[in-house]
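Working notes, beginning with the structure itself.
In what follows, chains carry the letters A, B, and so on, assigned in the order in which the sequence lines appear, proteins first and then strands, with residues in each chain numbered from 1.
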Amino acid sequence: MNDEMRRNMPLFPIGTVTKLTDLTPRQVRYYEQQGLIQPERTNGNQRLFSFNDVERLFEIKSLIEKGINLAGVKEMLQKNHQILEANKEVEKAQAEVVKVKQELSERELRRLLKRDLLHPKLGRTSEVYGEFSRFFRN
DNA sequence: GTTCTAACA
DNA sequence: TGTTAGCA
């Protein structure tokens, strides 16, 4: 069970959430209605909030207290989401660059070893080939 | 006792 | 947004 799963696990009824956040049940339900949070439901249709939901409610509350209306809060949250998604893509691209670099350096190493085997200058060619034979499979 | 939806002074 | 009514 990783952190992501923990943070998204439905745990708290609305009463707990209102005590945590000092928001009213009316506000919490309204924010859900506006699509700012998506708490799970029990079989009996009662809301269950995750840590992520509670954190988001704190964000919403602080923005509201700064005088930002719900439409503004909505925008900021989705902008924030867009930024997070963009960062993910950047990280992916960076990982890809690292991977390509590694592949290139392996090709380079393979080329160098092959050259040395075709033109052996040492008397230990067979041992060298055995050590690095994994580079020649293709 | 708590939470739900819907509606309204 | 607060609050109330009527349910589950």
Side-chain angles (χ1 to χ4, degrees):
Chain A
M1 170 113 30
N2 57 40
D3 281 5
E4 174 79 3
M5 295 172 67
R6 276 185 252 267
R7 287 194 300 270
N8 286 316
M9 188 167 299
L11 296 173
F12 315 113
I14 196 168
T16 304
V17 172
T18 56
K19 286 176 183 175
L20 252 34
T21 61
D22 278 323
L23 294 167
T24 65
R26 176 80 169 85
Q27 286 175 303
V28 174
R29 294 184 184 115
Y30 183 62
Y31 299 159
E32 180 194 20
Q33 193 178 2
Q34 298 306 308
L36 274 49
I37 50 174
Q38 295 96 27
E40 296 289 317
R41 297 291 182 121
T42 66
N43 296 328
N45 198 38
Q46 297 192 348
R47 274 166 268 251
L48 279 185
F49 299 79
S50 67
F51 281 109
N52 276 342
D53 292 325
V54 176
E55 280 185 25
R56 169 155 291 202
L57 285 171
F58 275 121
E59 295 176 31
I60 295 168
K61 185 189 175 192
S62 93
L63 290 173
I64 292 291
E65 286 173 346
K66 289 175 182 171
I68 298 165
N69 59 35
L70 263 200
V73 172
K74 210 167 179 175
E75 280 186 40
M76 296 191 67
L77 288 180
Q78 75 182 21
K79 296 290 182 194
N80 195 47
H81 181 263
Q82 288 172 5
I83 290 171
L84 290 178
E85 290 300 309
N87 282 341
K88 279 185 187 175
E89 290 195 28
V90 168
E91 285 178 20
K92 259 189 203 173
Q94 288 173 337
E96 188 63 24
V97 167
V98 170
K99 184 184 167 194
V100 168
K101 280 184 178 174
Q102 288 174 340
E103 287 174 353
L104 284 176
S105 63
E106 282 223 0
R107 282 205 197 98
E108 186 69 5
L109 176 57
R110 183 159 30 216
R111 186 181 68 76
L112 292 172
L113 284 168
K114 208 168 199 170
R115 186 199 62 191
D116 286 347
L117 285 174
L118 291 175
H119 309 285
K121 294 167 184 169
L122 302 173
R124 305 171 54 200
T125 303
S126 59
E127 295 98 295
V128 172
Y129 185 86
E131 294 257 359
F132 297 98
S133 61
R134 71 183 183 88
F135 292 112
F136 300 105
R137 294 194 188 119
N138 260 335

Please classify the nucleic acid contact of [X] as base, sugar-phosphate, or nothing, using heavy-atom distances under 4.0 Å.
X: A:Gly44; value: nothing
X: A:Arg29; value: base
X: A:Pro25; value: nothing

> Dot-bracket for DNA chain C, 5' to 3', with Watson-Crick and G-U pairs under 3.5 Å, [ ] for crossing pairs and | for other-strand pairs: what is it?
Replying inline: .|||||.|
> Can you name the nearest heavy-atom pair linking A:Leu36 to A:Arg56, along with the distance?
Replying inline: O-CD, 2.8 Å
>> Nearest 0.5 angstrom please: A:Thr21 OG1 to A:Glu55 CD, how far?
In response: 13.0 Å
Is the shortest side-chain N/O distance from [X] to OP1 or OP2 of [N] below 4.0 Å?
X: A:Tyr30; N: B:dA6; value: no
X: A:Thr24; N: C:dG2; value: yes
X: A:Gln46; N: B:dC4; value: no

> Salt bridge between A:Lys88 and A:Glu85, side-chain N to carboxylate O under 4.0 Å?
Replying inline: yes
Quick test: give all pairs of protein nitrogen or oxygen and nucleotides 3-5 of chain C nitrogen or oxygen below 3.5 Å, distance rounded to 0.1 Å.
{"unit_1": "C:dT3", "atom_1": "O4", "unit_2": "A:Arg26", "atom_2": "NE", "d": "3.2"}

>> From C-beta outward on A:Ile14, which listed nucleotide comes closest to its side chain: B:dT5, C:dT1, B:dT3?
In response: B:dT3
> Should the heavy atoms of other residues, nucleotides or ligands under 6.0 Å from CE of A:Met9 be counted, would the total exceed 12?
Replying inline: yes
